[in-house]
Structures are given as C-alpha cells and as structure tokens.
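Everything on this sheet refers to the single structure shown next.
Numbering starts at 1 and runs along the sequence shown. It should be emphasised that the depicted structure is a prediction, and the values quoted were computed from it without experimental measurement.
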Amino acid sequence: QVQLVESGGELVQPGDSLTLSCAFSGRTFSSYAIGWFRQAAGKQREFVAGISWILDTTHYAASVKGRFTISRDNAKNTVFLQMNSLKREDTAVYYCAARLEPRPDWRPDQYDCWGQGTQVTVSS
C-alpha cells in the first residue's frame, strides 16, 4: 500500500521561495508518476505539476510554469516542488498524489493515492 507524506508548507511573504517534499513508501517508487495538486479555500483541487518515471518528464499548470519546479529523487523515494516568486494566489493546501502509470495526469481522479496535504500561505 502506497503512503505519501507531504512536508515543507509554511507562511511566507510574496516573492519568497519554498520547497515542498513528498515522501513515498510502500511500493516501487520508480513505477509511479507523481503529481502535485493544490486546493484553495472554497475552490476545487487543481493540478500544479507532475513528473513521470520515464525520463523524469515534467508538466506544469500555466499558472506556475516558470516559477515552480518539480523533481524526483528515486534513491530517496521523494518528490520535491520548488516554488519561487510566490504570490498570494498560491495560497492553498498542497497535496502530492501517485498513479501507477508512466505519466502524470491533470485530473485528480486519475490518481491512486494521496497524501494528507501541507498548508502554504503567502501573505505579507
């Protein structure tokens, strides 16, 4: 059974940087595509970034492209989300999710398991 644990969320100011981590356990990490999603208060969960296990191909939502970077360390069974130039509208609970497929998907219902989430608040 796959378990995902996110960490790294905190209160930061606009323009700051922050790195989230997603620790994976329970199955062969390198067989799973990983996605980062976020959900702001009163809004639907939305895709942020994803990484495949084939050549570590990455995918980003338009709203974060150029500011966020997703990466994975297969030796540590961990996925990272480096977030730069944070904006107030990036405030949300961030979740990582795993799917037993080569590539990530932007649709939340295409993932097999989820972490509990970590809160990111961008405020001055």
Side-chain angles (χ1 to χ4, degrees):
Q1 182 176 348
V2 171
Q3 290 187 325
L4 301 169
V5 178
E6 303 95 335
S7 61
E10 62 180 84
L11 171 63
V12 295
Q13 295 188 344
D16 283 356
S17 297
L18 192 63
T19 299
L20 305 182
S21 299
C22 172
F24 175 105
S25 63
R27 288 290 186 268
T28 304
F29 177 61
S30 57
S31 297
Y32 284 76
I34 304 295
W36 278 100
F37 290 78
R38 66 187 181 187
Q39 188 165 17
K43 295 187 177 181
Q44 290 187 333
R45 192 168 297 191
E46 64 173 359
F47 175 80
V48 174
I51 187 165
S52 73
W53 58 258
I54 299 177
L55 302 179
D56 287 352
T57 305
T58 57
H59 308 264
Y60 297 94
S63 59
V64 307
K65 198 168 187 178
R67 299 189 297 124
F68 290 12
T69 302
I70 187 172
S71 61
R72 64 192 294 161
D73 185 335
N74 286 341
K76 296 182 178 180
N77 287 3
T78 302
V79 173
F80 303 97
L81 185 67
Q82 171 70 41
M83 305 185 293
N84 298 327
S85 303
L86 282 162
K87 305 175 181 180
R88 290 181 176 83
E89 51 264 42
D90 294 319
T91 295
V93 178
Y94 283 71
Y95 300 88
C96 65
R99 66 193 300 257
L100 189 57
E101 296 288 345
R103 296 174 182 83
D105 196 287
W106 63 270
R107 297 166 292 180
D109 63 0
Q110 296 301 303
Y111 288 78
D112 304 308
C113 46
W114 293 79
Q116 82 290 347
T118 186
Q119 176 71 47
V120 173
T121 303
V122 185
S123 175
S124 55

Step-by-step side chain to side chain contact (heavy atoms under 4.5 Å, CB included) determination, V79 to W36: CA-CA 9 Å; V79 173; W36 278 100; 3.5 Å; yes

Stepwise side chain to side chain contact (heavy atoms under 4.5 Å, CB included) check, S31 with L100: CA-CA 6 Å; S31 297; L100 189 57; 3.9 Å; yes

Stepwise side chain to side chain contact (heavy atoms under 4.5 Å, CB included) check, T69 with L81: CA-CA 6 Å; T69 302; L81 185 67; over 6 Å; no

Verdict with supporting geometry, R88 and S124, side chain to side chain contact (heavy atoms under 4.5 Å, CB included): CA-CA 9 Å; R88 290 181 176 83; S124 55; 2.8 Å; yes

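In this structure, a donor-acceptor pair under 3.5 Å is absent between the side chains of D73 and T78.
Geometrically, R72 engages F29 in a cation-pi contact defined by less than 6.0 Å to the ring centre and at most 45° from the axis.
Annotation: side chain of S25 is not in contact with side chain of N77 (no heavy-atom distance under 4.5 Å). When side chains are defined from C-beta on, V120 counts as touching M83, because their heavy atoms get closer than 4.5 Å.
Side-chain atoms of N84 never come within 3.5 Å of backbone atoms of D16 as a donor-acceptor pair (strictly under, hydrogens ignored). Side-chain N or O atoms of T118 include one that pairs as donor or acceptor with a backbone N or O of G9 at under 3.5 Å. Counting only distance, with no hydrogens or angles, the side chain of R99 and the backbone of R103 share a donor-acceptor pair below 3.5 Å. Between the E6 side chain and the C96 main chain, a donor and an acceptor come within less than 3.5 Å of each other. Between the side chain of Y111 and the backbone N or O of D105, at least one donor-acceptor pair lies under 3.5 Å. A donor-acceptor pair is defined here as one N or O able to donate and one able to accept, closer than 3.5 Å; no such pair exists between the side chain of T19 and the backbone of Q82.
Clustering ILVMFWY residues whenever any of their side-chain heavy atoms sit less than 4.5 angstrom apart, transitively, puts V48 in the very cluster that holds V12. Residues V122 and F37 fall into different hydrophobic clusters, defined by Ile, Leu, Val, Met, Phe, Trp and Tyr side chains chained together at heavy-atom separations under 4.5 Å.
Enclosure of atom CD in Q44 is not indicated, since only 12 or fewer non-hydrogen atoms of other residues, nucleotides or ligands lie within 6.0 angstrom.
In this structure, Y60 has its ring center at least 6.0 angstrom away from the ring center of F47.
Rounding to the nearest 0.5 angstrom, the gap separating the OG atom in S52 from the OH atom in Y32 is 15.5 Å. To the nearest 0.5 Å, atom CH2 of residue W53 and atom OG1 of residue T28 are 11.0 Å apart. Considering CD of Q116 and CD of Q3, their distance stands at 10.5 Å, rounded to 0.5 Å. The structure places CZ of R27 at 11.0 Å from CG of D112, a figure rounded to the nearest 0.5 Å. Interatomic distance, I51 CD1 to T58 OG1, rounded to the nearest 0.5 Å: 6.5 Å. Going from atom CG of D90 over to atom CZ of R67 covers 4.0 Å, rounded to the nearest 0.5 Å.
Aromatic ring pairs are classed by plane angle as parallel below 30°, tilted from 30° to 60° and perpendicular above 60°; the pair W114 and Y95 is perpendicular.
Counting all heavy atoms, side chain and backbone alike, P104 lies closest to A33 at N-CB, 3.5 Å. Heavy-atom minimum distance, L4 versus C22: CD2-SG, 3.9 Å. Residues L20 and G8 share a closest heavy-atom pair of CD2-C, 3.5 Å.
None of Q39, R38, Q119 except one satisfies the side chain to side chain donor-acceptor pair (under 3.5 Å) rule with Y94; the exception is R38.
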